[in-house]
Amino acid sequence: MVRAVVVGGGIAGSAAGMALQAVGIEAIVLESRTAGVGRGSWLTVAPNGVAALQEIGALEAVRSIGVPTRRNVMIGATGVPLGSIGLGRPLPDGTPALSFRRPELAEALAAEARRRGVDVRHEARVAAVETTDRAAAVTLETGARLEADVVVGADGIHSLVRRAVDPHAPAARYLGLANFGGITRSTGIAAQLPAEAWTFVFGRHAFFGALPTPAGDVVWFVNEPRPVIDRTERATTTDAAWQQHLEDLAAADAGPFAELIAAGTLELVGDSTFDLPRLPTWSRGRLTLIGDAIHAPSPSSGQGASMALEDAVVLAACLSEQVEDSPAAAFAAFDNRRRRRVEKIVADGARSSSSKTAGPVARIFQDRMLRLVFRHFVTDKSQAWVHDYRARLGTARATQ
Ligand SMILES: Cc1cc2nc3c(=O)[nH]c(=O)nc-3n(C[C@H](O)[C@H](O)[C@H](O)COP(=O)(O)OP(=O)(O)OC[C@H]3O[C@@H](n4cnc5c(N)ncnc54)[C@H](O)[C@@H]3O)c2cc1C
């Protein structure tokens with residue numbers, strides 16, 4: 001019997017495999033996707049998440065695919081500057097927040113885990129999970145069954161393990177935004193945007209973000225306030241039609257977005273934005289949860305991946321400190337160390353997400369309000385508790 005089975009080989013799952021190995025706990029990571037990098041959006045891992053990568057020794061494995069990102073620069077629909085906020089103090093070695101293509105980061109972490117001898121299996125979809133006093137078990141879609149001392153659900157916002165932990169757990173909540181993303185290659189606009197910064201425009205019809213890369217490309221995204229895109233609309237709308245729609249959304253606003261979208265390639269189409277604000281129960285018997293499976297924030301928080309990485313480190317530390325046969329004490333310690341922080345970040349993320357859904361009229365008043373908010377309330381200082389946090393494996397770290 002293995003010590004731990006991790007369900008989900010996304011950012012949290014592969015990091016958990018490495019963190020558990022680092023404290024001497026053998027883990028198998030089961031991921032339903034096929035190996036390889038698919039289409040997907042970009043995200044920013046803040047210094048608290050970068051520090052968690054460093055804590056498990058995985059920072060060097062991903063550094064070269066990350067784009068240094070130091071600030072968010074906010075602009076109104078008319079071009080009026082609304083403010084600028086830092087993405088946290090860099091690590092002592094100077095590493096700032098890093099932005100990644102999400103699937104590329106997940107793939108690099110899985111590859112690094114495998115390189116270290118963690119058993120990461122792709123095309124391994126878990127269909128059922130159970131727990132008894134003596135063991136936990138997962139059953140794969142193929143019918144194969146694996147037993148373990150603990151099962152860690154790192155299976156994302158629509159988690160199967162969450163339902164096994166608590167069948168009455170609240171479901172993820174739609175935040176009223178559809179998310180689109182793309183990249184515009186070798187564009188002169190890259191040099192016009194602030195370097196190592198996201199430029200955000202609170203537009204009349206949507207919220208836009210753009211990040212120039214050192215290669216001279218610009219990565220961009222669009223958050224459109226709208227009802228969930230249903231199956232029919234998804235099936236009948238081509239990428240070209242979505243792209244035209246996004247260009248139209250940007251046309252009336254200041255900033256380079258209409259031009260960027262027109263010249264770009266779509267990489268994320270109509271991803272519905274969900275969050276998961278508060279899950280009363282994080283574990284049952286020998287099952288527990290990490291990452292988006294317990295506390296998915298709105299993408300507006302910029303903290304989902306960073307919190308998932310922190311979780312991986314803290315859970316491994318708690319399991320390594322466990323002195324009894326039952327993992328209950330370790331799971332309780334994990335809840336105790338993590339809950340206040342992650343629930344506050346998710347709540348703050350939902351608030352900032354709602355500022356993206358204002359209509360065109362509200363926008364005019366909102367610009368004035370946002371200027372005040374970014375001057376007095378959401379500042380480098382007020383965000384330091386988020387970015388300065390450091391997750392530690394503790395003294396039980398095994399030598400590798
Ligand atoms: C558009 C967008 C922008 C974002 N921007 C940011 C940002 O700037 N900064 C930030 O920190 N976060 C951001 N996030 C959030 C971040 O991507 C998530 O918080 C993070 O990916 C969570 O990692 P996870 O491993 O918990 O979940 P996921 O990344 O969702 O991984 C879960 C994995 O489990 C697998 N899985 C699911 N079910 C099963 C099963 N039954 N069996 C086996 N495998 C299974 C899935 O295939 C998946 O690979 C953004 C999210 C989105 C959607």
Side-chain angles (χ1 to χ4, degrees), residues 5-17 28-35 38-50 52-53 67 69 72 87-88 97-103 105-107 109-110 120-129 138-142 151-164 172 175 177-182 198 200 209 211 219 221-223 267-276 289-312 342 345-346 349 352-353 386-387:
V5 165
V6 180
V7 181
I11 293 165
S14 293
I28 295 178
V29 179
L30 303 173
E31 168 55 48
S32 57
R33 279 179 298 106
T34 310
R39 295 208 314 178
S41 60
W42 281 65
L43 55 74
T44 299
V45 178
N48 49 307
V50 176
L53 285 170
V67 174
T69 315
N72 292 338
L87 282 167
L98 296 171
S99 296
F100 299 91
R101 260 187 90 213
R102 187 157 76 136
L105 175 61
E107 190 62 19
L109 289 175
V120 181
R121 303 182 192 173
H122 282 90
E123 297 177 49
R125 179 178 290 280
V126 171
V129 187
V138 300
T139 306
L140 294 163
E141 248 181 5
T142 55
V151 168
V152 179
D155 50 345
I157 193 153
H158 303 296
S159 167
L160 172 98
V161 183
R162 183 167 71 233
R163 287 196 294 280
L175 289 171
L177 288 172
N179 211 320
F180 299 82
W198 280 101
F200 293 146
L211 173 74
V219 173
F221 70 82
V222 182
N223 293 161
E267 293 197 313
L268 177 77
V269 179
D271 190 52
S272 301
T273 305
F274 291 96
D275 76 353
L276 185 67
L289 300 161
I290 57 171
D292 273 12
I294 30 171
H295 50 59
S298 141
S300 312
S301 79
Q303 278 289 321
S306 295
M307 289 197 296
L309 291 164
E310 292 174 3
D311 281 353
V342 298
I345 291 174
V346 176
S352 81
S353 187
V386 177
H387 297 135

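Every number for a ligand or one of its atoms is a count from 1 in the order of the listing. None of the values given here were measured: they were computed from a predicted structure.
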Polar side-chain atom of Asp311 near backbone of Gly291 as donor-acceptor pair, under 3.5 Å: yes
Identity and separation of the nearest protein heavy atom to atom 15 (C) of ligand 1: Gly304 CA, 4.0 Å
Side chain, backbone, both or neither: Ser41 near ligand 1, heavy atoms under 4.0 Å: side chain
Sub-4.0 Å heavy-atom contact, Val45 with ligand 1: no
Heavy atom of the protein closest to atom 48 (C) of ligand 1 (residue, atom name, distance): Glu31 OE1, 3.5 Å
Those residues that, when tested against Asn48, pass side chain to side chain donor-acceptor pair (under 3.5 Å) (two or more places apart): Gln303, Glu310
Leu98 CG to Leu87 CG distance, which is reported to the nearest 0.5 Å: 10.5 Å
Nearest neighbour in protein (non-hydrogen) for atom 37 (C) of ligand 1: Asp155 O, 3.4 Å
Close approach of Ala106 to ligand 1, heavy atoms, under 4.0 angstrom: no
Side chain to side chain, Asn72 and Thr44, heavy atoms closer than 4.5 Å: no
Ligand-residue contact atoms, ligand 1 with Arg33, heavy atoms, under 4.0 Å: 47 (O), 49 (O)
Atom indices of ligand 1 within 4.0 angstrom of Gly156 heavy atoms, with elements: 27 (O), 30 (O), 32 (C)
Non-neighbouring partners of His387 that pass side chain to side chain donor-acceptor pair (under 3.5 Å), sequence neighbours left out: none
Where ligand 1 meets Gly10 - atom numbers and elements under 4.0 angstrom, heavy-atom basis: 25 (O), 31 (O), 33 (C), 49 (O)
From Leu30 atom CG to His122 atom NE2, the distance as rounded to the nearest 0.5 Å: 10.5 Å
Polar side chain donor-acceptor pair, Thr69 to Ser99, under 3.5 angstrom: yes
Atom indices of ligand 1 within 4.0 angstrom of Gln303 heavy atoms, with elements: 9 (N), 10 (C), 11 (O)
Whether Gly302 lies under 4.0 Å from ligand 1, heavy atom: yes
Numbered atoms and elements of ligand 1 in range of Gly291, under 4.0 angstrom, heavy atoms: 26 (O)
